[in-house]
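Below is one structure; the comments refer to it alone.
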Amino acid sequence: MMLNWKNLDTLASYEELKKVEPVNVAEAMSGENGAERVKNYSIPMMDGLTYNYAAKAVDDKVLAALAKLAGEAQLIEKYESLYNGAVINTGENRLVLHQLTRGQLGDDVVAEGVNKREFYVAQQQKIADFANKVHAGEITNAAGEKFTTVVQIGIGGSDLGPRAMYLALENWAKVNNKFKMEAKFISNVDPDDAAAVLNSIDVAHSIFILVSKSGTTLETLTNESFVKDALAKAGLDASKHMIAVTSETSPLAKSDDYLAAFFMDDYIGGRYSSTSAVGGAVLSLAFGPDVFAEFLAGAAEIDKAAKNKDLLKNPEMLDALIGVYERNVLGYPSTAVLPYSQALSRFPAHLQQLDMESNGKSVNRFGEPVDYVTGPVIFGEPGTNGQHSFYQLLHQGTDIVPLQFIGFKNNQIGTDVVIQDSTSQQKLCANVAAQIVAFACGKEDENRNKNFEGGRPSSIIIGEQLTPKTLGALLAHFENKVMFQGFVWNVNSFDQEGVQLGKVLAKRVLAHETDGALKVYSDLLNI
Ligand SMILES: O=P(O)(O)OC[C@H]1O[C@H](O)[C@H](O)[C@@H](O)[C@@H]1O
């Protein structure tokens with residue numbers, strides 16, 4: 001099928017969407033109407049996860065218009081083209097294959113004579129074999145002692161996703177007897193980041209994973225040297241304590257400085273790489289290859305569900321289109337992801353890179369400026385902590401910020417306490433339910449300072465428990481949402497030219513080749 005890579009403002013269905021009567025969320029969510037909406041506007045995802053969009057500013061007319069937009073924008077056909085190996089990343093002239101690391105959705109994809117699914121599975125197997133040998137004490141330090149700690153050295157997509165996934169499963173692993181090694185992460189070039197981690201571990205029993213797709217990222221290479229110095233000072237041979245994860249075309253790929261090297265390729269973007277070796281090495285060492293496999297299985301199920309052409313049976317596509325409606329028709333400039341789960345403490349940080357580095361673009365996939373807004377600002381914190389931080393603005397600010405909640409019926413560790421007739425988990429869940437209704441319905445008060453307008457839209461993904469499988473599902477849900485939104489905005493969601501200028505100027509500062517303001521700033525900062 002011929003794909004129409006057209007700008008959003010050229011689509012007839014977009015013009016129609018703009019004419020649909022907006023929904024009054026406060027009214028829609030009040031009384032029995034509200035109760036019925038919450039029961040009906042819900043889509044099962046997998047393993048007990050459901051996507052509930054009752055508190056979003058949609059009704060049958062809006063949903064019908066969004067479905068027409070999905071069709072005219074050929075979202076499913078474009079997704080199919082992507083997973084069948086088309087050059088979707090126009091900025092770098094590359095395929096986009098992160099879904100292929102967790103399952104095959106369509107045809108075999110062969111690039112440079114290599115079946116890519118087989119390549120990714122082979123890397124997963126190599127990592128599993130390596131991790132099993134480390135856990136069994138067959139791979140040890142030079143003194144023949146087992147490694148107890150794994151430290152990932154990486155930044156951006158080589159840190160944010162893997163770190164968020166590790167933190168999301170650390171306690172689950174501990175109570176399910178899957179906790180093999182503690183993982184730590186060094187990412188910032190700030191020397192205190194590496195120093196603090198090195199001071200907190202026993203380097204003699206630590207294995208370091210150098211993760212850099214390009215193999216050229218200054219922060220990561222600097223931190224590698226930082227760690228090598230520490231190993232040398234401890235009288236240790238760094239090559240016996242380091243492994244590498246990189247693309248086969250990177251300078252690191254050929255180096256023999258490492259115990260082992262595992263590969264990703266240029267078709268996996270950093271922010272989409274948690275299910276590649278970038279996340280696979282640290283998660284398999286920390287929790288075992290079987291846990292990483294479960295994580296992949298959850299993501300694979302969502303990838304499959306995202307193929308559904310029926311908008312109301314495709315939570316990823318629906319979430320994407322509601323986000324476009326909120327951004328381009330209702331005019332909301334940002335959105336917040338609020339996981340009511342302390343284990344997901346760094347998930348919003350990962351989504352900031354995933355979403356804003358993908359769709360924070362002002363030209364379309366052909367390099368032509370677009371005349372409409374694209375990717376929103378993303379932020380978020382776990383609940384209930386966020387309630388004590390920025391919810392004032394969310395409830396009574398001058399901007400409406402659409403919200404995406406995540407909540408689980410059960411915690412991971414299983415320890416709880418009953419205070420004032422409820423458990424902490426019940427209090428956590430009571431707060432997220434209350435917040436959804438408070439945002440949607442508000443509260444009238446003659447004292448304007450105590451008045452809540454309501455009309456603040458939100459969705460919630462509800463699950464039984466955060467497990468490797470439901471975590472994989474959540475990751476894929478947001479990855480596919482971002483992909484579909486990029487298709488609607490007709491931008492290339494898979495390159496990141498916007499991060500290059502800062503790096504170039506930083507290099508000039510370090511080479512003392514500056515003038516004007518940059519020179520004065522350099523002097524002020526004693527560089
Ligand atoms: O994995 P690396 O090649 O070291 O890149 C690490 C990060 O830096 C780049 O600047 C990009 O912003 C990210 O998309 C990438 O994940």
Side-chain angles (χ1 to χ4, degrees), residues 88-98 101 120 123 127 151-166 185-190 193-194 208-227 242-255 257-258 261-283 346-347 349-361 375 377-378 475 478-479 482-483 486 491-507 510:
I88 297 294
N89 177 352
T90 43
E92 296 172 318
N93 193 30
R94 287 175 180 168
L95 317 183
V96 175
L97 298 181
H98 54 277
T101 62
Y120 299 135
Q123 292 308 313
I127 290 169
V151 182
Q152 178 133 328
I153 305 168
I155 196 165
S158 296
D159 167 66
L160 288 164
R163 185 194 299 245
M165 300 304 116
Y166 171 78
F185 295 83
I186 295 173
S187 54
N188 201 327
V189 77
D190 176 344
D193 189 16
F208 297 86
I209 314 177
L210 186 88
V211 184
S212 178
K213 172 181 173 183
S214 61
T216 61
T217 303
L218 179 65
E219 295 95 327
T220 303
L221 298 179
T222 303
N223 279 323
E224 180 188 25
S225 303
F226 203 108
V227 167
M242 298 197 90
I243 62 178
V245 172
T246 190
S247 69
E248 287 184 300
T249 57
S250 98
L252 297 179
K254 309 287 179 283
S255 164
D257 284 359
Y258 307 103
F262 306 109
F263 298 108
M264 62 197 294
D265 56 27
D266 288 341
Y267 306 127
I268 310 277
R271 55 193 174 276
Y272 295 91
S273 64
S274 296
T275 52
S276 76
V278 167
V282 65
L283 295 175
R346 292 296 290 163
F347 194 52
H350 166 60
L351 296 181
Q352 286 177 174
Q353 183 195 12
L354 173 67
D355 203 310
M356 293 197 267
E357 195 169 78
S358 293
N359 292 335
K361 315 271 169 77
V377 171
I378 307 283
L475 178 76
F478 284 96
E479 285 182 352
V482 166
M483 173 193 70
V491 297
N492 173 20
S493 302
F494 304 103
D495 67 357
Q496 52 284 324
E497 285 306 322
V499 305
Q500 305 310 336
L501 177 58
K503 294 179 185 177
V504 169
L505 294 183
K507 282 206 174 92
L510 292 169

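Order of listing sets the numbers, starting from 1, for every ligand and every atom in it. Just so you know, these numbers come straight off a predicted model, no measurement behind them.
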For Lys507, check side-chain contact (heavy atoms from CB on, under 4.5 Å) against everything at least two apart and list the hits.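 By the side-chain contact (heavy atoms from CB on, under 4.5 Å) rule, Lys507 matches no residue at all.
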Set out, in order, the CA-CA distance, both residues' side-chain angles and the distance that settles salt bridge (charged side-chain N to carboxylate O under 4.0 Å, His left out) for Asp495 and Arg94, then state yes or no. CA-CA 9 Å; Asp495 67 357; Arg94 287 175 180 168; over 6 Å; no
Short N or O distance, Glu357 and ligand 1, threshold 3.5 Å exclusive: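 Min N/O separation from ligand 1 is below 3.5 Å for Glu357.
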Tell me: protein heavy atom nearest atom 5 (O) of ligand 1, and distance?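 I find the closest protein heavy atom is Thr217 OG1, 3.4 Å.
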For Asp265, all residues meeting salt bridge (charged side-chain N to carboxylate O under 4.0 Å, His left out), sequence neighbours excluded: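 Asp265: salt bridge (charged side-chain N to carboxylate O under 4.0 Å, His left out) contacts with Lys116.
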Which atoms of ligand 1 are found less than 4.0 Å from any heavy atom of [X]?
X      : value
Lys503 : 9 (C), 10 (O)
Ser214 : 2 (P), 3 (O), 4 (O)
Ile155 : 6 (C), 7 (C)
Gly157 : 15 (C), 16 (O)
Gln353 : 13 (C), 14 (O), 16 (O)

Will you find, in the side chains of Ser276 and Thr101, an N or O donor that is under 3.5 Å from an N or O acceptor?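 On atom types as modelled, these side chains do not qualify, holding no pair under 3.5 Å.
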Any donor-acceptor pair under 3.5 Å linking the side-chain atoms of Ser358 with those of Tyr272?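 Their side chains do contain a donor-acceptor pair, which is all the 3.5 Å distance test asks for.
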Considering all heavy atoms of both residues, which atom of Gln152 and which atom of Val278 are nearest to each other, and what is their separation?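 Between these two residues, the closest heavy atoms are NE2-O, 3.2 Å.
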